[in-house]
Novice: 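First the structure, then my questions, so here it is.
What you see is a predicted model, and the numbers here were worked out from it, not measured in a lab. Read the numbers this way: they start at 1 and go in the same order the structure lists the ligands and their atoms. Atoms considered below: every heavy atom in the structure, side chains included; atoms not considered: hydrogens, waters and symmetry mates.
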Amino acid sequence: MAPADNPFQIAQRQLDAAAERLGLDAALHELLRWPLRELHVTLPVKMDDGRTQVFHGFRVQYNDARGPCKGGIRYHPDETIDTVRALAAWMTWKTAVSDIPLGGGKGGVICNPKAMSQGELERLSRAYVRQVGRLLGDDMDVPAPDVYTTPQIMAWMMDEYEFMHGGRHRPGVITGKPIPVGGSLGRADATARGGCCIVREAAAALGIQTEGATVAIQGFGNAGQYAALLAEQLLGCSVLAVSDTSGGIINREGMPAEALVKHKLDTGAVAGFPGSEPISNEALLELPVDVLFPAALENVITGGNAPKIKARISCELANGPQTPEADEILHRNGVFFIPDFLANAGGVVASYFEMVQNLSSYYWSADRANEELDGKMTRAFHEVYECARAEDTHMRMAAYMVAVQRVAEAVQLRGWV
Ligand code: GLU
């Protein structure tokens with residue numbers, strides 16, 4: 001990985017810029033540049049063919065000054081410790097900017113879940129918790145789903161953790177669980193729903209009509225699929241283009257989101273959707289749409305393609321999709337981008353609601369979960385937007401300023417620095 005593309009170096013550069021603007025104390029700044037703790041694990045797993053395969057994984061606890069570490073676990077063939085560190089840092093800013101009483105962490109396992117059976121995934125997930133479980137707990141560190149991890153995987157992990165703790169029920173140790181084992185209504189679509197609340201507020205602030213607005217979505221996993229459904233349902237938008245790892249499709253008349261999601265689930269890809277034409281991932285990002293949702297992985301909008309981005313609003317449902325070079329270019333060109341750790345905070349906000357329900361053993365209605373989510377997201381957007389206007393800067397810098405200030409305050413009150 002070239003240093004310029006290293007997500008952790010990018011996360012540190014973003015923090016450095018905010019720290020300078022905030023005039024942060026040097027020791028405090030240095031503390032916030034690094035994870036507090038990290039664990040590297042080696043996981044032997046019996047595969048279906050009788051062989052044992054050895055996997056490598058990580059859990060990074062970035063900062064817990066504001067509450068237990070919180071953040072998902074990714075299963076990905078290209079996972080690296082620096083990617084997990086960056087994601088753990090972004091979780092720290094995400095919980096702070098959305099003002100929930102949690103810190104930031106992240107986990108990852110280097111594996112290719114698409115090539116593994118359910119049994120192999122279960123054994124890998126249990127092996128991961130047998131190693132990392134000693135650092136987890138609803139008062140210490142609480143994982144959740146992320147790229148290629150699912151509610152089923154969360155259920156296995158919770159089950160293994162409870163075995164390790166004498167069979168005591170501890171549903172709040174992990175979030176994003178299926179509903180029958182302590183999941184929260186509203187958690188499944190919360191990342192996209194939160195993103196749509198933010199787009200609604202951003203569009204109103206910028207004087208853009210969402211009814212009939214055009215949308216392109218890069219990445220069609222959990223976040224991307226629900227973004228299509230909810231942008232159509234809640235905001236009245238029209239989905240023009242979507243893409244996944246096998247390529248993209250476009251129909252300038254718009255595509256019905258429900259049929260699109262069904263096609264993806266039935267065939268495994270968006271390609272071949274009736275009435276659509278193929279489009280490359282690169283060309284999709286450059287479409288002149290009202291709203292672009294980068295909803296896949298890191299570093300898709302860079303100094304290279306930033307001058308060609310023509311969306312009016314870019315709502316970063318992915319973590320780390322845009323580099324610092326691209327930030328400056330988009331800002332200059334008047335593209336209103338909403339940074340990942342604000343735009344996609346709906347997932348962790350709903351995770352926090354799930355923990356609250358688990359700890360009180362009382363479960364909310366979907367309406368309550370969605371309403372409370374809307375309230376948190378709307379408030380977070382306006383706090384950041386006001387800061388961006390007051391400081392005459394872009395939304396990423398403003399979000400960092402709000403979040404870093406909150407974490408810094410907790411660190412100082414604890415007397416760490
Ligand atoms: N993986 C999601 C994220 O990046 C959710 C994390 C969580 O719910 O803890 O925000």
Side-chain angles (χ1 to χ4, degrees), residues 7 11 58-64 66-76 79 83-109 132 135-138 140-151 153-154 157-158 171-178 182-184 186-195 198 219 221-224 226-227 293-298 315-321 338-358 369 372-373 376-377 380 399 403:
F58 318 100
R59 183 75 190 170
V60 173
Q61 298 183 337
Y62 198 86
N63 192 289
D64 58 1
R66 300 183 69 260
C69 294
K70 185 81 192 82
I73 300 169
R74 305 210 310 185
Y75 284 0
H76 201 277
E79 200 62 275
T83 314
V84 180
R85 286 176 178 142
L87 291 159
W90 290 327
M91 284 308 306
T92 306
W93 316 132
K94 195 179 304 192
T95 53
V97 84
S98 49
D99 204 14
I100 55 177
L102 295 167
K106 202 84 179 195
V109 177
V132 171
L135 294 186
L136 303 180
D138 55 34
M140 197 145 70
D141 183 2
V142 182
D146 200 82
V147 173
Y148 297 144
T149 51
T150 59
I153 290 176
M154 301 303 110
M157 289 187 167
M158 174 190 74
V173 70
I174 199 159
T175 60
K177 300 178 294 294
S184 172
R187 175 66 184 84
D189 66 13
T191 303
R193 186 178 292 272
I198 295 269
N222 174 284
Y226 280 118
F293 287 106
L297 294 172
E298 306 87 55
C315 177
E316 299 181 354
L317 291 181
N319 288 312
I338 304 155
D340 48 7
F341 67 85
L342 170 63
N344 70 32
V348 75
V349 169
S351 278
Y352 163 59
F353 296 156
E354 184 173 332
M355 288 175 70
V356 169
Q357 293 168 76
N358 292 152
E372 299 233 11
L373 176 69
K376 283 265 182 218
M377 299 303 294

Novice: Take the angle between the ring planes of Tyr62 and Trp93 and call it parallel below 30°, perpendicular above 60°, tilted in between.
Specialist: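 Judged by the thresholds at 30° and 60°, the geometry between Tyr62 and Trp93 is perpendicular.
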
Novice: Nearest 0.5 Å please: distance from the CZ atom of Arg59 over to the CD1 atom of Ile73.
Specialist: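 Between Arg59 CZ and Ile73 CD1, I get 5.5 Å after rounding to 0.5 Å.
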
Novice: Does any donor atom in the side chain of Arg74 or Thr149 lie under 3.5 Å from an acceptor atom in the other side chain?
Specialist: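 There is no such pair (donor and acceptor under 3.5 Å, judged by atom type) between the side chains of Arg74 and Thr149.
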
Novice: With a 3.5 Å cut-off and no angle check, do the side chains of Lys70 and Thr175 form a donor-acceptor pair?
Specialist: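 Present: a donor and an acceptor within the cut-off.
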
Novice: At a heavy-atom distance under 4.0 Å, which protein residues reach ligand 1? Sort them by chain and number, would you?
Specialist: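 Lining ligand 1: Lys70, Gly71, Gly72, Met91, Lys94, Lys106, Ala144, Pro145, Asp146, Arg187, Asn319, Gly347, Val348, Ser351.
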
Novice: For Asp146 and Met91: C-alpha separation, side-chain torsions, deciding distance, then whether side chain to side chain contact (heavy atoms under 4.5 Å, CB included) applies.
Specialist: CA-CA 12 Å; Asp146 200 82; Met91 284 308 306; over 6 Å; no

Novice: Do you know the tightest heavy-atom contact between Met157 and Ile174?
Specialist: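 For Met157 versus Ile174, the nearest heavy atoms are CB-CD1, 3.6 Å.
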
